[in-house]
Structure formats: structure tokens, C-alpha cells
Amino acid sequence: CSSDTSSAFIINVESNLNIGATNDGPHCDGDSVLLTTSFIPGATYRWMDPNGLNYNGRIVTALATSGTYTVTVTTASNCQATTVTNVDVGSRPQITALSNTSLPCMTGNTSVTLVPTVFPPGNYTYTWTGPNNYRSSQEEPIINNVDESDNGTYSLTVSEGNCESQSISTVLNITDIPDQPSVRGNTDPCEGDEVVLTVDNPVSGNQVAWTWRTPSGDVTTTEPRLTIQSFSTNNNGNYSVIQMKSSCESALSIPLSVF
């Protein structure tokens, strides 16, 4: 004796999933990486990074870590497939110090070197920018014949491949040493005359002054001249002057004898 035939039970066997995974690397420390895997209708996606952190979605953005990212794709019928993509992450060079060899007062015919310290040591690309459209690709560039027109902020980035350091800056802030002054005036006055000694090549700018060396002692003026209202024999002697700008002093002028 046999029963009636049962209703048909349909078994649907899915084909093996053929999936792939990609990333938008290579990247550098601190970057994010874009991870993408194949589209399967109705599927769910679970990523795991090299540190074991999980992310959900077919396309995800994650912190870039050097190593293997694994994605597991699960279909609506609970079939699974796994694939991987490898992410390369490079180290960013670090500028640990940046300085320059300038002095507060400079003559205008000397040079200044920009000096960086980079960690770790390596064969890097150097990109310098500064005032007056300054550009250099040297590791330690030299600025020749430096004067006040070169003052400003000089910035550096260091790169290796596609990994670039943070930009670091050094400031050049110098004052030109004033020229040695040349003095003229009445060198043969009569007693009671007004005598005016004048600097022919006065320094210009802010915080300027002149210190006169006279037979009666030093006298400082804020104009490039010294006035003796009523000349007497007590004023006989040599007169010279120093030009000052900020804290920078010129050489002493050639003495002018007034008798």
C-alpha cells in the first residue's frame, strides 16, 4: 500500500557568489579610506578592518589602517561570501623644528639660511613659500643679501610620495643697519652764531634717532640735525653722530671739527 504523492518541495540552489572589493588608497596616517564591494541585490555587507572594527554597508568610509580589510556579503537566502582588499598606509614626515639664521640687525649684504629638522630622516621633497612670491625646493635654502624687504613668514611642507607633513613656519624679522652717516655744517662759526650740523644720508622709518658725540657730551635728537643756538668757545671740538633704527646702530660718522 502507498500514500498519495506529496506536494512538491522546491529547492533553489544559488550559484557561488563572485564578489570583489577595492579601496581608494594608498593613503597616509590619519586619512580615511573608501571601501567598495560588489553589488548583490537584497544582500547585507559587513566589513572588518585590520584592528577588528566592523562597518556595515556596501560602500563605507573607515579610518585608514595598513593591512587587510575583509568584507562578508550575506544574501537574502543567507548565502555568504567573503573577500578582502589590502590598504597601504604611509607615514607622514614630521617637521620637529624650523628656524632661520637671521640676526636682529643685518647689513643687507649677508645671507640667511632656513633650517628645518624632519623626523624620521629620509629623502623628502621640500616645498617652501614666503613673501615676494618666494619659492624653493631645497632642504636648507639660502636667501642672499637679506634686507627688510625679505621680512615675513616662510612656510615649509615636507612630503614623501603622497604623504605630506603639516605646514610649519618661521618668521624673518630683521632691521637694516643704518648707513654710516655723513655730516655737514658750518665748521668755522663766530661766537654767538647758530650752528646747525646736518646728516646728509638720514635713515628713514619708524623708531629712528641720532646720537651726537659732542665736546659737551652725548645728545640724542629725533631729527637728523643738531642745533647749537649760540656757539661759544666751550663748543669747540669734534662732532660725530650715530644713526639708530630700532635697536640697530650705524658706524660712527667721521668727526667734523668745529672751531
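With hydrogens and angles ignored, the 3.5 Å screen pairs a side-chain donor or acceptor of Ser253 with a backbone N or O of Val241. Without hydrogens or angle criteria, Thr153 side chain to Val171 main chain gives no donor-acceptor distance under 3.5 Å.
The distance from the OG1 atom of Thr85 to the CG atom of Asp24 is 9.5 Å, given to the nearest 0.5 Å.
Within the structure, ring pair (Phe, Tyr, Trp, His ring centres under 6.0 Å) contacts touching residues 78-132 (residues at least two apart or in different chains) do not occur. Within the structure, the ring pair (Phe, Tyr, Trp, His ring centres under 6.0 Å) test picks out the following pairs touching residues 136-172 (sequence neighbours left out): Tyr134-Tyr154. Among residue pairs with one or both ends in residues 24-70, none qualify as ring pair (Phe, Tyr, Trp, His ring centres under 6.0 Å); sequence neighbours excluded. Here ring pair (Phe, Tyr, Trp, His ring centres under 6.0 Å) pairs that include residues 195-235, with residues two or more places apart or in two chains, number zero.
Side-chain heavy atoms closer than 4.5 Å link hydrophobic residues (I, L, V, M, F, W, Y) into clusters, and following such links, possibly through other members, connects Val89 to Val60. Residues Val203 and Val183 fall within the same hydrophobic cluster, defined by Ile, Leu, Val, Met, Phe, Trp and Tyr side chains chained together at heavy-atom separations under 4.5 Å.
Surrounding CG of Asp200 are more than 12 heavy atoms belonging to other residues, nucleotides or ligands, all under 6.0 Å away. Counting heavy-atom neighbours within 6.0 Å of Asn56 CG, excluding the residue itself, gives a total above 12. For Gln166, the CD atom counts as loosely surrounded, since its 6.0 Å shell holds 12 or fewer non-hydrogen atoms of other residues, nucleotides or ligands.
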Evaluate Ser182 against Asn201 for side chain to side chain donor-acceptor pair (under 3.5 Å), listing each step before the verdict. CA-CA 6 Å; Ser182 174; Asn201 56 336; 5.2 Å; no

Could you go through the side chain to side chain donor-acceptor pair (under 3.5 Å) check for Thr75 and Ser77 one step at a time? CA-CA 5 Å; Thr75 67; Ser77 56; 3.2 Å; yes

Please determine whether side chain to side chain donor-acceptor pair (under 3.5 Å) holds for the pair Ser155 and Ser169, giving the CA-CA distance in whole Å, both sets of side-chain angles, and the decisive distance to 0.1 Å. CA-CA 4 Å; Ser155 300; Ser169 299; 2.7 Å; yes

Which is it for Gln80 and Thr72 under the side chain to side chain donor-acceptor pair (under 3.5 Å) test, yes or no, and what are the steps along the way? CA-CA 7 Å; Gln80 290 186 336; Thr72 299; over 6 Å; no

Evaluate Asn186 against Val196 for side chain to side chain contact (heavy atoms under 4.5 Å, CB included), listing each step before the verdict. CA-CA 7 Å; Asn186 183 3; Val196 179; over 6 Å; no

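Taking Gln207 as the reference, Ser246 meet the side chain to side chain contact (heavy atoms under 4.5 Å, CB included) condition, with sequence neighbours excluded. Residues passing the salt bridge (Lys or Arg N to Asp or Glu O under 4.0 Å) test with Glu194, sequence neighbours excluded: none.
Checked for salt-bridge contact, Arg213 and Asp218 meet the test: a charged N lies under 4.0 Å from a carboxylate O. Ion pairing of Arg92 with Asp31 is present here, as a side-chain N (NZ or NE/NH1/NH2) and a carboxylate O approach within less than 4.0 Å.
Using a 4.5 Å cut-off on side-chain heavy atoms (C-beta onward), Met106 and Thr175 make no contact.
The nearest pair of heavy atoms linking Pro178 to Cys248 is CD-O, 3.8 Å. Pairing each heavy atom of Gly20 with each of Ser38, the nearest pair is N-OG, 2.9 Å.
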